[in-house]
Amino acid sequence: MAIHIHDTLAGKKVALEPIAPGRIGFYACGPTVYDMSHVGHARSYIVWDVVVRHLRARGLTVKYVRNFTDVDDKIIKRANERGEDPVALAARFADEYLADMDALGNLRPEAAPRVSEHIPQIVTLIERLVEREFAYAPGNGDVYYAVRRFPDYGRLSRRNLDDLQAGARVDPGEAKRDPLDFALWKGAKPGEPAWDSPWGKGRPGWHIECSAMTLEHLGAPFDLHGGGKDLVFPHHTNEIAQSVGAVGDGVHAETFARHWMHHGFVEIDDEKMSKSLGNFFTIRDVLARHDAEGLRLFLLGTHYRNDFNFSDALLAEAERRLAYLYETLEKADRIGAGAEPAAEAPFAGEARAALDDDFNTPRVLGILADVFTEANALCDAKGKKSPADRARLAAFARDARAVAGLLGLLSRAPAEALRALRDRAALRRGVDGAEVERRIVERAQARKDKDFARSDAIRDALLAQGVVLMDGPQGTSWKVE
RNA sequence: GGCACCGUCGCCAAGUGGUAAGGCCCGGGUCUGCAAAAUCCGUAUUCGGCGGUUCGAAUCCGCCCGGUGCCUCCA
């Protein structure tokens, strides 16, 4: 019954036991907003969305914090290229990101802090690190973290300082005592946004913002910190070092975030999708052609810790699968209408148990597959439905929605969703819906005249365009493959 | 080079000691004017390879082969 998660810090599955009973403080590393978000980001935040939904469904009060990194080298670089103010550019892409999150159906976090709004907290944190001698200011405007001061350094990423030593490097102009030390504060350079500090004008280093924002919004220690697995080192490793040095016991990683979750990458042709490789699809572009729930279903078909190979064909398959789920729901709704729903079916409990086990969404989809098949069989069975059957179908529809809701799926009215799905597919195939409707009318007349040759010719012609006709008691409906 | 991860049916993908979920595809049946949809039946004695531990391993250990990631910005 207890919820278990794979904790990167522990290196294994552990029970999630809230620090304060019934409450979970959860921090998800947000995006660096210098461009449109891509499918990799979509997966990341859909995963965290499911985590939050399920924890809440289990009765926990979750405070979900998801930051924006809006002060950063890449943002400055991009802004300078475009002759735009870095903070304004970041704000614009933050808005785009939020629009994408809404479009994906992700719950909004309780707090969405930005680096640019937490400079005083960051400065205070760095001051404390200097006081406690975890950091030093060599006088060049920079402040560095002294990695050797923190005995637990590298535990999260399972690295020791000696292994890291080999690959370490120091950029010209830096004044590190140890090559592995990293910047907490960077002295201002021309053309960069800068804030006042005890060390002169400058801006925060990459990792310190998350320390400051978690402490501001969740305090330390807090329960759960999440991010992509690419953040384990150096970002989260350094975040632990800073936070434990400033507000923890100075020794143990647990005195910052208790548990850490990391998800796998989205890949294209088995290579990591990333801005730097240029092999990415933006969320905006994908949702122009595909259904958001279809994308969720597709993404959640793989466990969050595994890498995920993205492909258009597989996404389309997931959308057809989503259409099947909605078609089934529509039938069950119709037949079960007015019936008093039966008690909760066992599958709902099984699905929740699967999520308890490190958020096993593929297993949930497997469980749903079985009950949808059963429901369909019941809907299509010949003869009048008994009150018990109708009660079962009503319960199925209710419970299926509840389970799917944990994944952010099946949230729409079936008819509306099916229309949206068909429109998207028609758009992709270049199918004209009005023309299809006209052909269906023609074919209906042909069938009435028993002119099956003509009727079949029309159907075959439509099929060649990807339009599938389905003759039923209420007439002919169609969909696009 | 260091540190991790991954390799399960044609494709996607669960399963981490007790004898291989599920989806797509495919073959056959029911339904249908014929189809489609839906449904039923069938489809991996086997989990990259070779050894080992064990009463028992896809699951643990070792070696090998293949792939990826992190070590520099990244969800």
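Labels below follow one simple rule: chain letters A, B, ... track the order of the sequence lines, proteins then strands, and each chain is numbered from 1.
As the counterpart of U43(B), no nucleotide is assigned, since no Watson-Crick or G-U wobble pattern has both distances under 3.5 Å. Judged by Watson-Crick or G-U wobble contacts below 3.5 Å, the nucleotide A14(B) has no partner. Across all strands shown, nothing is found opposite U53(B) as a Watson-Crick or G-U wobble partner with both distances under 3.5 Å. Under the Watson-Crick and G-U wobble criteria, each requiring two contacts below 3.5 Å, nucleotide G2(B) is paired to C70(B). Under the Watson-Crick or G-U wobble criterion, with both distances below 3.5 Å, C34(B) has no partner in any strand shown. If you check G7(B) for Watson-Crick or wobble pairing at under 3.5 angstrom, you find it paired to C65(B).
Between the P atom of C3(B) and the CZ atom of R159(A) lies a distance of 10 Å, rounded to the nearest Å. One atom, CG of D162(A), and another, C1' of C71(B), lie 15 Å apart when rounded to the nearest Å. The distance from atom NE2 of H235(A) to atom P of U72(B) is 15 Å, rounded to the nearest whole Å. F233(A) places its CZ atom 10 Å from the C1' atom of U72(B), with the value rounded to the nearest Å. Residue L164(A) contributes atom CG, which lies 17 Å from atom P of G1(B) at whole-angstrom precision. Atom CG in D230(A) sits about 18 Å away from atom P in A4(B), given to the nearest Å. Summarising the geometry, the separation between CG on L365(A) and C1' on G23(B) is reported as 9 Å, rounded to the nearest angstrom. Straight-line distance from the NZ atom of K229(A) to the C1' atom of A75(B): 12 Å, rounded to whole Å.
A search for ring-ring contact (aromatic ring centres under 6.0 Å, His included) contacts involving F308(A) returns F298(A), not counting sequence neighbours. By the ring-ring contact (aromatic ring centres under 6.0 Å, His included) test, H118(A) is found to be paired with H217(A), residues two or more places apart in sequence or in another chain being considered. For K229(A), the side chain to side chain contact (heavy atoms under 4.5 Å, CB included) test picks out H262(A), F265(A), D307(A), with sequence neighbours left out. Remark: F281(A) engages F310(A) in a ring-ring contact (aromatic ring centres under 6.0 Å, His included) (not counting sequence neighbours). Residues satisfying the ring-ring contact (aromatic ring centres under 6.0 Å, His included) criterion with H235(A), sequence neighbours excluded, are W206(A), H207(A). With sequence neighbours left out, the side-chain hydrogen bond (donor to acceptor under 3.5 Å, both in side chains) criterion links D432(A) to no other residue.
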Anything under 3.5 Å between a protein N or O and an N or O of nucleotides 57-59 of chain B, put it in a table, one pair a line.
none

Quick one: which protein N/O atoms are closer than 3.5 Å to N/O atoms of nucleotides 10-17 of chain B? Pair and distance per line, please.
{"residue": "A14(B)", "atom": "OP1", "partner": "H303(A)", "partner atom": "N", "Å": "2.6"}
{"residue": "A14(B)", "atom": "OP1", "partner": "N306(A)", "partner atom": "OD1", "Å": "3.1"}
{"residue": "A14(B)", "atom": "O3'", "partner": "N360(A)", "partner atom": "ND2", "Å": "3.1"}
{"residue": "G15(B)", "atom": "OP1", "partner": "N360(A)", "partner atom": "ND2", "Å": "3.0"}

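Applying the salt bridge (Lys or Arg N to Asp or Glu O under 4.0 Å) test to every pair with at least one member in residues 7-16 of chain A, sequence neighbours left out, gives these pairs: K13(A)-D357(A). Applying the ring pair (Phe, Tyr, Trp, His ring centres under 6.0 Å) test to residues at least two apart or on different chains, the pairs with a partner in residues 358-380 of chain A are H54(A)-F359(A), F372(A)-F396(A).
G18(B) and A57(B) have their C1' atoms separated by 9 Å, with the value rounded to a whole Å. Look at the P atom in both A44(B) and C11(B): the space between them is 15 Å, to the nearest Å. Distance noted for atom P between U30(B) and C50(B): 44 Å (whole Å). The gap from the P atom of C9(B) to that of A20(B) amounts to 16 Å, rounded to the nearest Å. The gap from the P atom of U19(B) to that of G29(B) amounts to 35 Å, rounded to the nearest Å. Remark: the separation of the P atoms in A38(B) and G23(B) is 12 Å, to the nearest Å.
Regarding contacts with the backbone of A4(B), every side-chain N or O of S157(A) stays at 4.0 angstrom or more from both OP1 and OP2. Here K272(A) does not reach the OP1 or OP2 of A75(B): none of its side-chain N or O atoms lies under 4.0 Å away.
Under the 3.5 Å distance criterion, with hydrogens and angles disregarded, no donor-acceptor pair is assigned to the side chains of N238(A) and Q242(A).
Nucleic acid contact class of S37(A) (heavy atoms, under 4.0 Å, all strands): none. Counting any heavy atom pair closer than 4.0 Å across all strands shown, H262(A) reaches no nucleic acid atom. Across all strands shown, L368(A) has no heavy atoms under 4.0 Å from either base or sugar-phosphate atoms. Across all strands, G227(A) comes closer than 4.0 Å only to sugar-phosphate atoms, never to a base (heavy-atom distances).
A donor-acceptor pair under 3.5 Å links the side-chain atoms of R43(A) to the main chain of G264(A), judged by distance alone. For the pair D70(A) (side chain) and S116(A) (backbone), a donor-acceptor distance under 3.5 Å is present.
Residues Y145(A) and Y153(A) place their aromatic rings such that the two centres sit no closer than 6.0 Å.
Rounded to the nearest 0.5 Å, atoms CG (D471(A)) and CZ (R459(A)) are 7.0 Å apart.
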With a cut-off of 3.5 Å and sequence neighbours excluded, list every side-chain donor-acceptor pair involving residues 25-41 of chain A.
{"residue": "Y27(A)", "atom": "OH", "partner": "N67(A)", "partner atom": "OD1", "Å": "3.0"}
{"residue": "D35(A)", "atom": "OD2", "partner": "R78(A)", "partner atom": "NH1", "Å": "3.2"}
{"residue": "H38(A)", "atom": "ND1", "partner": "G40(A)", "partner atom": "N", "Å": "2.9"}
{"residue": "H41(A)", "atom": "ND1", "partner": "H38(A)", "partner atom": "N", "Å": "2.9"}

Checklist entry - Using a cut-off of 4.0 Å between protein heavy atoms and nucleotide atoms, how would you tag nucleotides 32-38 of chain B 5' to 3' with B, S and -? => result -BBBBSS
